[in-house]
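Computed over heavy atoms, backbone and side chain alike; hydrogens, waters and symmetry mates excluded. Here the structure is a predicted model, which means the values were calculated and not measured.
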Protein chains: 2
Amino acid sequence: MSGNQKPARRDAAATQRRILDAALSEFATQGHGGARVDRIAEAAGVSKPMIYSYFGDKEELYKAALKESYVQIRQGERAIDTDHMSPEDAIRELVTFTMHHFISKPWFTSMLNTENLRKGVTVQEIDDLNDIQSPLISQLGEILDRGVAEGRFRPGVDPTELYITIASLCFFPVSNKYTLRVVFNVPIDDAWLKRRAEDAGRMVLCFLRPEPDAGSG
Amino acid sequence: MSGNQKPARRDAAATQRRILDAALSEFATQGHGGARVDRIAEAAGVSKPMIYSYFGDKEELYKAALKESYVQIRQGERAIDTDHMSPEDAIRELVTFTMHHFISKPWFTSMLNTENLRKGVTVQEIDDLNDIQSPLISQLGEILDRGVAEGRFRPGVDPTELYITIASLCFFPVSNKYTLRVVFNVPIDDAWLKRRAEDAGRMVLCFLRPEPDAGSG
DNA sequence: ACAGTAACTTACTATTTGGTAGATTGGAAA
DNA sequence: TTTCCAATCTACCAAATAGTAAGTTACTGT
């Protein structure tokens, strides 16, 4: 899981990186309260004092790991280009990306859950909100405007709320797959989730289509 | 939070109940790894050996708390009666109930997240799956059948998948409200979530309406 | 009244955990 | 080559933690 290179002796930056990766993995799999600094040290291939020297204490390390998980998804989001697509295809693309990210970077959903269990005490302390906010919101705004201009989407849909809708449909079946499998006997695997993403795209588009009675606040 | 009555001396059943309630609260707020048996004992107003005597060890206590959180939602679900409603109203009712339950029983979403962080190792060990499975699935199946028969819903929709869709739309904004508030600056409160439930109902109904190209596997 | 036992507590242990003091080592600059 | 500091480690501590042994207390049936 934590793909450590050979220690590359005396490289402070690389060491910090290894610690951060190990911390992200540990916090994501064990939660905040279940994470162990000793395990992080071992997984990173360093001694404990390195961690305290570079990151301060467990809380600061957690903060760094939480921020890192956001930074990763935002990087991915910035790489999406939907300008050349039809509004419908653009929406489908965003849904597909979101689902794929949740599937392929499982620590992201885990960190979100862990942080919300703590009522967001740490996410509030992250200084640079810019590193954390999603570039997808404004992109989604443009897509919606284009769709409305072309008469394919209804007006009055808030981009942030739409983003939350998309995230909802992708997040839940990924994050809760273990309990869903047992409780409902659903064979959730990557193929099942891919089909789910297609359904989610259809559902969102259906919701966006201009129709007499579909209005919202 | 843990509304303890007066200890009612020497009442084993009541004591077990207090321990279970305290455990549910502790595991839900602190996670599996962060939960402390000493805190549970204090919140329940008992000494630690009581817990070990009645529940075995921390793991078994966690299992009891997890099961309890399912039992609670299933009880609520069983009380819903949609037989006299139109298919549309019935769907809206289920969505409203689901959202309301997630809002009013926050430990349920927390326990689901905690258990999924652990890859569902404990939920697998719950013997009586019947206590855990949702009666809403079959109810949803009947509603769908009725809707199809009346020509108001398209055929071929799987009740379990629809249930997951409804749960997705309600779960995410409730479970992740703390990070959403900070990261997207969304004023998520009970009123916001109620509006969200209405949107979710609309979206689901729009997805169910019979239309030329909306078919699914 | 008086056993007998279920309910409950005090006081303890072994281990784990976050965190630190102080020594050591490698590499770059002089 | 020597100096010096950043990078790193060994060895440790105090507190917290899951779990238990052994005792005490209140109810119940006789």
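- Look at CZ on A:Arg17: it is 17 Å from P on D:dA7, rounded to the nearest Å.
- Only B:Tyr54, listed by number, bring a heavy atom of residues 52-61 of chain B to less than 4.0 angstrom from any atom of DNA chain C.
- Taking atom CE of A:Met50 as the reference point, atom C1' of C:dT20 lies 14 Å away to the nearest angstrom.
- Put simply, the side chain of A:Tyr178 does not reach to within 4.5 Å of the side chain of B:Leu117, judged on heavy atoms.
- Over its length, the helix from C:dA1-D:dT30 to C:dA30-D:dT1 turns its helix axis by 10°, as judged from the five terminal pairs at each end, rounded to 10°.
- Here C:dT17 is the nucleotide among C:dT17, D:dC9, D:dA18 with the atom lying nearest to any side-chain atom of A:Arg36.
- A donor and an acceptor atom, one from each side chain of B:Trp107 and B:Glu68, are nowhere located under 3.5 Å apart.
- For the residue pair B:Glu93/B:Thr82, the side-chain donor-acceptor check at 3.5 Å is not satisfied.
- Here A:Ala35 lies in heavy-atom contact (under 4.0 Å) with sugar-phosphate atoms only.
- Distance A:Ile40 CD1 to C:dT17 P: 12 Å, rounded to the nearest Å.
- D:dA11 atom P lies 15 Å from atom CG of A:Asp38, rounded to whole Å.
- Listed nucleotides D:dC9, D:dG19, C:dG19 differ in distance to A:Lys48; the shortest reach to its side chain belongs to C:dG19.
- Checking C:dT9, C:dC8, D:dC9 against the side-chain heavy atoms of A:Pro49 singles out D:dC9 as nearest.
- To the nearest angstrom, P of D:dA18 lies 10 Å from NE2 of B:His32.
- Atom CG of B:Asp11 is separated from atom C1' of D:dC27 by 12 Å (rounded to the nearest Å).
- Look at A:Ser47 and you won't find any side-chain N or O under 4.0 angstrom from OP1 or OP2 of D:dT10.
- Ion pairing between a basic and an acidic side chain is recognised when a charged N comes within 4.0 Å of a carboxylate O; B:Arg74 and B:Asp131 show no such pairing.
- Atom pair A:Glu42:CD and D:dT10:P shows a separation of 13 Å (rounding to whole Å applied).
- Look at A:Arg18 and A:Asp21 and you find no salt bridge, because none of the NZ, NE, NH1 or NH2 atoms lies under 4.0 Å from a carboxylate O.
- Candidate nucleotides D:dC9, D:dA18, C:dT10 were compared by shortest atom distance to the side chain of B:Val37, and D:dA18 ranks first.
- Side-chain contact annotation: B:Glu77 with B:Ser134, donor-acceptor N/O pair under 3.5 Å present.
- Using a 4.0 Å cut-off between charged nitrogen and carboxylate oxygen, B:Asp199 and B:Arg202 count as a salt-bridge pair.
- Side-chain atoms of A:Thr114 and A:Gln30 form no donor-acceptor pair, as typed in the model, at a separation below 3.5 Å.
- Within a 6.0 Å radius of CG in B:Asp81, other residues, nucleotides and ligands contribute more than 12 heavy atoms.
- If you take CZ of A:Arg10 and P of C:dT24, they are 14 Å apart, rounded to a whole angstrom.
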